[in-house]
Amino acid sequence: MDPKISEKAWNPELEKEILNQWQKEKIYEFTPQEDNFTIDTPPPYPSGRPWHIGAAAHYSQIDMIARTARMSGKNVYFPIGIDRNGLPVELYTEKKHRIRMRETERGEFLNLCRDALDDLEAEMILIMKNLGISGDFTNYYRTDSEEYRTLTQSTFIDLWKKGQVYLANRPNNYDWVSGTTIADAEIIYEDLPTKLVYMKFKIKDTEKEIIIASTRPELICACKTIIVNPEDERYTQYIGKKVIVPITNVEVELRTHHSAKQEFGSGAVMVCSYGDQNDVALFRELELEEIVAIGLDGRMTEAAGEYAGLKPKQARTKIIEDLESRGFLEKKEDIIHRTPVSERSKIPIEIIPMEEYYLKQKESVKKIKKLGQEITFHPAMHKQILMNWLESINIDWPISRRRFYGTEIPIWYCKNCSEPHVPEPGKYYKPWSEKCPITNCNKCDSSEFIGEERTFDTWMDSSVSPLFVSKFGKDDKFFNMVYPASIRPQAKDIVRTWLYYTLLRCEQLTGEKPWSDAWIMGYGLDEKGMKMSKSKGNAIDPLPVIEKLGADTFRFWSASEINHGYDFRCNEQKIESTRKFLSKLWNVSRFLSSFPVIKSGTLNASDKWILSELDNLIKECKKGYDDYNFFIPAIAIREFTWNIFAAHYIEMAKARAYGIEFSDEERDGAIFTLHKTLSTILKLLAPITPFITEYLWKILYSSESIHKQRQVESENVEVQSNITKEITEFNSKVWNEKKSQNLSLKDSIKIEIPENLKPFIKDLKSMHNLLD
RNA sequence: GGGCUCAUAGUCCAGGUCGGUUAUGACGUCGCCCUUACACGGCGAAGAUCCGGGGUUCAAAUCCCCGUGGGCCCA
């Protein structure tokens with residue numbers, strides 16, 4: 001009998017053909033019905049080359065979610081989008097063309113950004129397609145499209161009218177390299193070397209002085225008070241006294257506050273506007289009047305007196321010299337200080353009072369907590385990330401950014417009285433280049449307006465992704481059918497941003513939660529467990545890996561190596577060796593392809609045994625698939641296919657399947673069982689490795705795609721795991737015995753079959769050529 | 001300083017809820033073998049103080065406590 005499959009190994013080249021076929025047959029097309037399964041797919045951000053291999057693994061798994069849902073009979077809506085707003089592309093464009101954003105005409109700069117995005121996007125789309133992602137690429141969306149930005153602006157206008165947005169002058173995190181305010185969520189902390197300066201402050205009307213340690217002596221001009229811990233006995237006698245600030249000679253009060261740590265520095269702390277977040281909190285709590293010491297240009301202001309115009313770092317050096325020459329310096333220490341830096345530009349942020357727009361969020365925290373409780377997290381432990389974040393929210397969300405490549409804030413100001421005017425929702429507005437659609441100021445009737453130049457924080461765009469894909473405000477019928485979405489898959493590091501902001505915005509706009517499930521994946525690390533980054537040079541380009549080894553190998557690696565929710569290491573060699581399993585599956589199928597597919601047969605003990613193990617495998621896979629944890633089925637299927645089915649059952653049933661010294665009925669039992677097992681394995685594996693399973697399925701079992709099949713269900717057969725152990729141990733014993741006697745595997749040998757294995761005697765005898 | 005999480009062979013990882021034979025599997029290494037699905041293979045072998053200390057128990061990789069060291073998050 002000739003096998004239908006003749007090639008000896010799975011050829012990843014075949015994936016292209018299969019891909020074309022899927023495209024031609026449109027097998028993943030979505031038409032909304034009653035019971036839809038909507039995936040709020042993360043739109044990836046094209047920030048540079050290469051795309052992160054961890055992201056490729058991430059999207060492979062998101063596709064497994066879609067395929068799992070489809071095979072469980074759900075009508076899957078799997079949109080694809082690309083996130084294109086924000087700072088990274090501006091920095092990329094500045095670097096690529098060696099220009100500066102603020103020195104380039106805005107329209108021209110935007111065009112350059114758009115071109116860069118198009119390039120990077122093309123590569124990401126190519127990778128996603130090649131990975132076999134079964135999403136809707138024909139209608140893929142961009143967050144910088146007119147349609148998307150219209151939604152962002154419309155939702156803003158809605159919230160503006162509801163009084164959820166306000167303008168406030170507050171200390172803000174300012175990244176003066178990118179020239180913009182940033183949200184708390186965009187700050188990271190880095191341990192940086194700095195000097196801790198011990199300064200002498202005189203107590204007024206005495207000869208005494210106290211020592212104050214600070215890492216920011218240049219802010220001395222903005223010092224408003226000195227605090228000590230109320231339990232610090234060194235300072236009890238000075239509480240309430242005036243202290244003279246060196247250099248500026250300003251008098252400030254010494255008071256107590258629990259946030260002063262006795263063991264840090266001298267225990268006395270100067271409170272300036274603004275050295276850190278604690279200063280901000282203290283100014284608010286003690287109702288101190290702020291002094292703006294650092295300007296938007298990143299330089300010291302007039303308030304800094306003789307240091308005006310210097311950068312804070314220069315001012316620091318100079319003031320240390322001056323303190324020393326004027327006798328105010330006690331000592332300085334080199335320390336490592338946890339410094340807040342901008343996540344994007346990696347530069348220490350300054351806290352500067354600025355006027356920005358805020359979206360109210362504090363009063364929503366309680367509601368969001370409740371929604372969070374209702375959402376099922378996969379894995380459950382990552383709900384904690386959201387809850388911890390909700391605990392720490394203490395200010396509203398600053399949503400305006402002084403950048404170019406983002407959705408414009410749709411506001412015009414009356415040139416005469418400065419009254420802000422917001423246009424009607426439903427259109428995309430560019431106030432920096434367009435005329436105000438409102439003809440007269442509703443306050444002073446003036447007809448001249450100035451357009452707002454700022455853009456939104458990008459999370460304002462991405463936080464409405466579930467609304468965009470469900471056509472919120474555009475197609476009510478469609479919206480009602482697909483919203484709320486079923487699942488939000490995303491990475492762990494953006495729980496406090498993307499996940500949280502989406503909850504906030506969707507709750508504000510619809511009063512509902514945006515999805516019932518959240519699926520959180522860990523980070524892709526390099527082979528040593530370090531975070532991958534372009535600057536470290538440890539990034540792996542996924543494209544050549546996928547091209548060389550094929551999508552299925554990559555996908556199976558992703559499923560079998562990444563325990564859901566935990567960080568994972570990416571190692572090319574590991575990915576390569578995963579291929580062996582596909583090879584095994586191929587060859588098992590090749591062997592089976594020499595036998596006809598038959599509907600039934602008389603089962604013997606071996607057949608019943610492997611089918612019971614198979615049933616157990618189905619249950620195990622279901623456990624994983626129900627939780628969208630692909631690690632469980634991947635490991636279980638590999639173990640079963642390789643180490644039980646191929647290594648033991650096929651060997652036991654081989655002679656019988658060929659019909660050598662067996663009756664036709666006995667033969668059919670073997671052939672039936674072999675096919676039943678393989679077809680089940682293929683279906684169980686289909687969400688993980690869609691290409692090879694499709695190919696084998698079509699050759700062996702049906703002209704209809706495996707991705708149109710329903711997943712197999714357990715028949716609740718009792719497991720015979722003790723028998724499995726005895727069989728594998730007995731087979732090993734025979735192989736070992738032959739080896740120690742220098743016999744070939746086909747040579748005959750005399751070995752006693754254990755009592756429990758008597759029902760398998762005929763198969764075992766033919767397998768090992770056992771003598772009576 | 002607080003939270004989450006991890007620690008098991010050269011490497012990755014299972015087991016841990018619910019304590020109980022010889023600690024799972026893969027990669028890699030070594031040896032033998034072309035046995036009509038597969039040399040991208042088969043069989044076999046070597047390789048683990050289950051991070052340290054203490055406690056509970058007849059019995060701890062597993063439960064509890066105290067440390068140590070990584071990763072991430074927050075302040």
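Each chain gets a letter, A, B and so on, in the order its sequence line appears, and its residues count up from 1. FYI, side chains are in, hydrogens and waters are out, and symmetry mates aren't considered; it's all heavy atoms of this structure.
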Grab the CZ-P distance between A/Phe645 and B/C38 for me, whole Å please. 16 Å

Among residues two or more places apart or on two chains, list those pairs meeting salt bridge (charged side-chain N to carboxylate O under 4.0 Å, His left out) that have a residue in residues 576-589 of chain A. A/Lys548-A/Glu576

Heavy atoms only, 4.0 Å cut-off, all strands: where does A/Glu391 land among base, sugar-phosphate and nothing? nothing

Side-chain polar contacts of residues 369-376 of chain A - donor-acceptor pairs under 3.5 angstrom, sequence neighbours left out - could you list them?
from, atom 1, to, atom 2, distance (Å)
A/Lys369, NZ, A/Glu391, OE2, 2.9
A/Lys370, NZ, A/Glu374, OE2, 3.3
A/Glu374, OE1, A/Lys513, NZ, 3.2

Distance (rounded to the nearest 0.5 Å) between A/Ile18 CD1 and A/Ile692 CD1: 8.5 Å

May I ask you to check whether over 12 heavy atoms, not counting those of A/Lys492, lie within 6.0 Å of atom NZ? yes

Please check the phosphate of B/U5 (OP1 and OP2 only) for any side-chain N or O of A/Tyr566 closer than 4.0 Å. no

Consider only side-chain N and O atoms of A/Glu661 and A/Ser766, and report whether a donor and an acceptor are under 3.5 Å apart. no

Tell me the interatomic distance from A/Ile395, atom CD1, to B/A75, atom C1', rounded to whole angstroms. 14 Å

Check: A/Asp552/A/Trp10 side-chain N/O donor and acceptor closer than 3.5 Å: no

Taking the P atom in each of B/A61 and B/G53, what is the distance between them to the nearest angstrom? 12 Å

When every nucleotide of nucleotides 21-33 of chain B is labelled 5' to 3' by its protein contacts under 4.0 Å (heavy atoms), B for base, S for sugar-phosphate only, - for none, what sequence of letters results? ----SSSS--BB-

Are side-chain N/O atoms of A/Gln361 and A/Tyr500 paired as donor and acceptor at under 3.5 Å? yes

On a whole-Å scale, what distance lies between the P atoms belonging to B/G28 and B/C40? 12 Å

Taking atom CD as the centre, does A/Glu333 end up with more than 12 heavy-atom neighbours from other residues, nucleotides or ligands that are less than 6.0 angstrom away? yes

P atoms of B/U24 and B/G16, separation to the nearest Å: 15 Å

Looking at B/A45, B/C40, B/C38, which one has an atom nearest to any side-chain atom of A/Ser583? B/C40

A/Ile635 or A/Ser744, whichever maps to the more 5' nucleotide of RNA chain B: A/Ile635

I want to check one thing: is the phosphate of B/A14, taken as OP1 and OP2, less than 4.0 Å away from some side-chain N or O of A/Asn563? yes

Specify the separation, in whole Å, of atom CZ of A/Phe591 and atom P of B/C38. 10 Å

Determine the interatomic distance between C1' on B/C58 and the same-named atom on B/G52; round to the nearest Å. 26 Å

Of all the choices, B/G71, B/G42, B/C38, which nucleotide is nearest to the side chain of A/Leu745 once you look at every atom? B/G42

Please state whether the base of B/A37 and the side chain of A/Glu7 form at least one donor-acceptor pair under 3.5 Å? no

Rounding to the closest angstrom, what is the interatomic distance between B/C72 and B/A9 at atom C1'? 27 Å

Inter-residue atom distance A/Ser744.OG - A/Ile749.CD1, 0.5 Å rounding: 11.0 Å

Would you mind listing every side chain to side chain donor-acceptor pair (under 3.5 Å) that reaches into residues 730-743 of chain A, with sequence neighbours excluded? A/His648-A/Asn731, A/Asn731-A/His768, A/Glu737-A/Gln741

Whole-Å distance between B/C13 C1' and A/His564 NE2? 17 Å

Does A/Ser732 put a side-chain nitrogen or oxygen below 4.0 Å from OP1 or OP2 of B/G44? yes

Is the side chain of A/Thr673 donor-acceptor paired with the backbone N or O of A/Asp607 at a distance under 3.5 Å, no angle test? no

Say you pick atom C1' in B/C30 and the same atom in B/U57; how far apart are they, in whole Å? 42 Å

Could you tell me how far apart A/Ile385 (CD1) and B/C6 (P) are, to the nearest whole angstrom? 13 Å

Rounded to whole Å, CD1 of A/Ile562 lies from P of B/A14 at a distance of 13 Å

Output yes when at least one side-chain N/O atom of A/Lys8 is less than 4.0 Å from OP1 or OP2 of B/A39, else no. yes

Distance, rounded to the nearest Å, where A/Met381 contributes CE and B/C4 contributes P: 12 Å

Could you tell me how far apart A/Lys733 (NZ) and B/G44 (C1') are, to the nearest whole angstrom? 17 Å

Holding to ring-ring contact (aromatic ring centres under 6.0 Å, His included), I want the full list of residues that pass it with A/Tyr174, two or more places apart in sequence or in another chain. none

Less than 4.0 angstrom between a side-chain N/O of A/Lys654 and OP1 or OP2 of B/U36, yes or no? no

Tell me whether the OP1 or OP2 atom of B/C40 has a side-chain N or O from A/Arg579 closer than 4.0 Å. no

Quick check for you: among B/A14, B/C12, B/A37, whose closest atom lies nearest to any side-chain atom of A/Phe631? B/A14

Distance between P atoms of B/C32 and B/A14 (Å, rounded): 35 Å

For RNA chain B, please output the secondary structure as dot-bracket, reading 5' to 3'. Pairs are Watson-Crick or G-U wobble, both atom distances under 3.5 Å; mark crossing pairs with [ ], other-strand partners with |, unpaired with a dot. (((((((..(((.......[....))).(((((.......))))).....(((((..]....)))))))))))).

On a whole-Å scale, what distance lies between the P atoms belonging to B/C43 and B/C64? 40 Å

